[in-house]
Amino acid sequence: MLLPDFYTQAQTLLEAALGQLIPLESPQPSLLTEGMRYALLGPGKRLRPLLVLATSYTVNGAPEQALQSALAIECIHAYSLVHDDLPAMDNDDLRRGRPTCHKQYNEGLAILIGDALLTLAFEQIAAYPSCVRLVAQAAGFQGMVQGQALDLAYTTRQEPALLPTIHHLKTTCLFQAAVDLGLATQSNISPEVRARFQTLIQAFGLCYQLQDDLEDAAKGEKTSFITTHGEAYTRTLLSENTQKIFSELALLPYNTSILEPLFRSILTRTDCPEGIA
Ligand code: GRG
């Protein structure tokens, strides 16, 4: 399959499947289901589900399990953004160029929209118990929610040493879960391959966050990692870890012509696979 074809098809498949997750004409149409669709179907880049599908495709995994896992991880991501935007968290008014969920609806409903998306995620992978465990561990107190809790505490207890841990838990854990879900679609993955994927996704998570910080700094926004470690060090770390991603990919015993441009496009926002921008 040609590269643009893979991503065009994956995006089309994902949007169609996400659109069907929460029916418009449910027996009792409600603001809750409307809000869930608002949060889930907004113009996101779908990076995590694409990573699940691309990883699974690379290792020749089971496509149906990959799709269910991709939907689950996008539900988790959407819930995390709804809750992250709440007044008690980041208190943001805009997300993806539109009013945040609590601005569009109200705060109470936004909390429930997040809750419902979180539970919907687990419904998608209920047939795959190992995936349920994997997602629960990445998204819960050992992962993303713990990262958010540490981030909340950081506003009063500013310990720069905590920043890499916060970034890792808030951002990398979900990317790691995406790759692990992709690998879980193939029973025949060697420990060496698993370890290489782990190394490269850890490097990728760090790069993703550093890139985000550099973009914020360029816009004049204060970003804590650059404030504490300096821009030069941030760029060096970014460059070292970018190299690590591609050297690990090159050592995988698979054709990585689908995965490689996905990582490259996310990190550089250039040479994007069609459909991801
Ligand atoms: C509220 C439990 C809870 C967790 C929130 C994900 C998160 C944790 C907070 C979002 C703030 C954050 C860490 C931003 C940095 C990177 C990030 C996750 C950006 C948004 O992801 P994209 O760029 O968004 O994939 P789209 O809109 O494309 O889906």
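When a ligand or atom number is given, it counts from 1 through the structure's own listing order.
Of the heavy atoms in Arg46, none comes closer than 4.0 Å to ligand 1. Contacts between His77 and ligand 1, counted as non-hydrogen atom pairs separated by less than 4.0 Å, involve the side chain only. The proximity of Tyr79 to ligand 1, defined as any non-hydrogen pair under 4.0 Å, is limited to the side chain. With a heavy-atom cut-off of 4.0 Å, Leu174 does not touch ligand 1 at all. Contacts between Lys45 and ligand 1 below 4.0 angstrom, taking non-hydrogen atoms only, involve backbone and side chain alike. Only the side chain of Leu47 comes within 4.0 Å of ligand 1, counting heavy atoms alone; its backbone N, CA, C and O stay farther away.
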Take Phe263 and Phe246, measure what ring-ring contact (aromatic ring centres under 6.0 Å, His included) needs, and give me the verdict at the end. CA-CA 9 Å; Phe263 286 119; Phe246 296 106; 7.1 Å; no
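A salt bridge does not link Glu74 to Arg48: none of the charged side-chain nitrogens sits closer than 4.0 Å to a carboxylate oxygen. Checked for salt-bridge contact, Glu231 and Arg235 meet the test: a charged N lies under 4.0 Å from a carboxylate O. Salt-bridge formation is not detected for the pair Glu248/Lys244: no Lys NZ or Arg NE/NH1/NH2 atom is positioned less than 4.0 Å from an Asp or Glu carboxylate oxygen.
The closest donor-acceptor contact from the side chain of Tyr7 to the backbone of Ile258 lies under 3.5 Å.
Taking a 4.0 Å cut-off on heavy atoms, Lys170 registers as neighbouring ligand 1. For the pair Glu74 and ligand 1, no heavy-atom separation below 4.0 Å is found.
Across all non-hydrogen atoms, the minimal contact from Leu21 to Pro23 is O-CD, 3.5 Å.
The shortest N or O to N or O distance between Tyr208 and ligand 1 is below 3.5 Å.
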Only distances under 3.5 Å count here; give the side-chain donor-acceptor pairs of residues 109-126 to other protein atoms, sequence neighbours excluded, each with its distance to 0.1 Å.
| from | atom 1 | to | atom 2 | distance (Å) |
| --- | --- | --- | --- | --- |
| Thr119 | OG1 | Asp115 | O | 3.1 |
| Thr119 | OG1 | Ala116 | O | 3.0 |
| Gln124 | OE1 | Gln68 | NE2 | 3.2 |
| Gln124 | NE2 | Leu120 | O | 3.4 |

